[in-house]
2 protein chains.
Amino acid sequence: MLNKTRGRPRGNPDTKARIAEAARELFLAHGYKGTTVRAVAAAASVDSALISYHFGSKQGLFGQSLNLLCVESTALDQALQGDQAGLADRLLTSVTSLWDATEPTENRMALQDADTMRAFRDYLESELLVRIAEFLGGPDATERATAAVGVIGGLIFTRYLNPIRSIAALPSAEVRRIFGPALRAALHARVRQR
Amino acid sequence: MLNKTRGRPRGNPDTKARIAEAARELFLAHGYKGTTVRAVAAAASVDSALISYHFGSKQGLFGQSLNLLCVESTALDQALQGDQAGLADRLLTSVTSLWDATEPTENRMALQDADTMRAFRDYLESELLVRIAEFLGGPDATERATAAVGVIGGLIFTRYLNPIRSIAALPSAEVRRIFGPALRAALHARVRQR
DNA sequence: CGCAATATTCAACTGTGCTGAATAAAACGC
DNA sequence: GCGTTTTATTCAGCACAGTTGAATATTGCG
């Protein structure tokens, strides 16, 4: 395509990294389906066959170029300290501050990938849920934590992952105001008799 | 392709409906990307050009064929009648009955691709949200409906779309019990002052 | 050095969504 | 009823997608 003399090039240019970076940009800008392998190859000044060679497939390129880990948990640590009364607000704050801080445009579509979905799920169920349950303590702790994770997961989903306009548009203070009651109820409500 | 004599066929067979049904099955079984237009055409014993003719594009076919499934929510109609006190329970019931009824296997994983996400989002924001808000009425109706959609969306996400074990494993009665308080709060809580 | 492993380009294959022309039945006006 | 327009269908094929196999030049190891 771009007459770059066949065969291995001189030196050891890290072409794979260059491809990954170009891919990341394009994926974030145009989404998965909107990004063609050939476009990535062109952006990296490379033959399109190279990406099959280095990453196996377009799926593989996607997974490897977006190794965004969703959550760093220092915010969660802070939220899980203090009185229970303010817990809901602190949790909501940590969620919004954490996700609102990520890049402006739709890097949210990264969750379309199966692996990323799984990572997110694992985080919710083996990190968030157990730590909230620990903090709550008492009977029904697990069940209340389950409800809370459902609410928080819903917020993340409807605001960031698959953003519904009316929720995504809310300033974070409004998020606290509107989701507060539901989350408080989930965390603290006496669950009805079985 | 299938030598079926060119031109308009005898009688008035509702081919469009047949195509939509075949499409619905295939989309649910294999997801958007995993379903080719040609496969749908073959399943409906029809030339593939017909689906461009009837539905404009694959996207259009997707929207219109799955529309049937989302609109099938006569359950929602029922939920949106009666007293407000039982509303949360009725909504939760309609959600679980609707989703638990879909095929046993993980056609949920098919919901991972971008277009399904989009269809789902559209449903949440232009169907569910406005109808709940209508039903609630009064000041803050939109805001309470927003919170409710967040909670319901969260339930669907964490139970069906990207199922985290502790929520997916719940029997539907438990879902009502555990998510009830949060949803009731979302629907009816007096939202704090601005 | 010799030779395998590696990194790259090129050409091409298969399959995708979609379009334009051809065609036949239906629907409609008189 | 008949002529015209509208609708529903098949067929052939284009443009582009992701991927593969062969050819080739470079590195790195013994």
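Every chain is numbered from 1, with letters handed out A, B, ... down the list of sequences. Computed from heavy atoms alone, side chains included, the values below leave out hydrogens, waters and symmetry copies.
- In this structure, T5(B) does not reach the dT9(D) phosphate: none of its side-chain N or O atoms is under 4.0 Å from OP1 or OP2.
- For N12(A) and dG28(D), the shortest distance from a side-chain N or O to OP1 or OP2 is below 4.0 Å.
- The distance from atom CG of D47(A) to atom P of dT24(D) is 16 Å, rounded to the nearest whole Å.
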Problem - Verdict with supporting geometry, E174(A) and R177(A), salt bridge (charged side-chain N to carboxylate O under 4.0 Å, His left out) - result: CA-CA 5 Å; E174(A) 290 286 290; R177(A) 197 184 118 235; 2.6 Å; yes
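- In this structure, CZ of F62(A) is placed 17 Å from C1' of dA17(D), rounded to the nearest angstrom.
- Distance NZ/K16(B) to OG/S65(B): 11.5 Å, rounded to 0.5 Å.
- OP1 or OP2 of dA8(D) has not a single side-chain nitrogen or oxygen of T15(B) nearer than 4.0 Å.
- For dT9(D), the OP1/OP2 oxygens have a side-chain nitrogen or oxygen of H54(B) closer than 4.0 Å.
- Between Y53(B) atom OH and dA8(D) atom P the separation is 4 Å, expressed in whole Å.
- Side-chain heavy atoms closer than 4.5 Å link hydrophobic residues (I, L, V, M, F, W, Y) into clusters, and following such links, possibly through other members, connects F62(A) to Y53(A).
- Heavy-atom distances to DNA chain C give each of G56(B) and G7(B) a nearest nucleotide, and the one nearer the 5′ end belongs to G56(B).
- What you find for T96(A) and T93(A) is that their closest heavy atoms are OG1-O, 3.1 Å.
- Between S57(B) and R10(B), it is S57(B) whose nearest contact on DNA chain C lies nearer the 5' terminus.
- If you take CD of Q59(B) and P of dT16(C), they are 17 Å apart, rounded to a whole angstrom.
- R38(A) contributes a side-chain N or O that forms a donor-acceptor pair with the base of dG18(D) under 3.5 Å.
- Atom NZ in K33(B) sits roughly 12 Å away from atom P in dT16(C) (whole-Å rounding).
- Here the nucleotide nearest the side chain of R6(B), chosen from dC18(C), dA22(C), dA8(D), is dA22(C).
- Enclosure of atom CZ in R18(A) by more than 12 non-hydrogen atoms of other residues, nucleotides or ligands within 6.0 angstrom is indicated.
- Atom NZ of K58(A) is separated from atom P of dT20(D) by 15 Å (rounded to the nearest Å).
- One finds no side-chain N or O of R8(B) lying less than 4.0 angstrom from the OP1 or OP2 phosphate oxygen of dT7(D).
- Taking the nucleotide of DNA chain D with the nearest heavy atom to each of G11(A) and A39(A), the more 5' of the two is matched to A39(A).
- Distance from the side chain of P13(A) is smallest for dT8(C) among the nucleotides dT16(C), dT8(C), dT26(D).
- Residue contacts shown for S52(B) include a base, since a base heavy atom lies under 4.0 Å away.
- When rounded to the nearest whole Å, the span between CG of L50(B) and P of dA12(D) equals 16 Å.
- If you take NZ of K4(B) and C1' of dA25(C), they are 14 Å apart, rounded to a whole angstrom.
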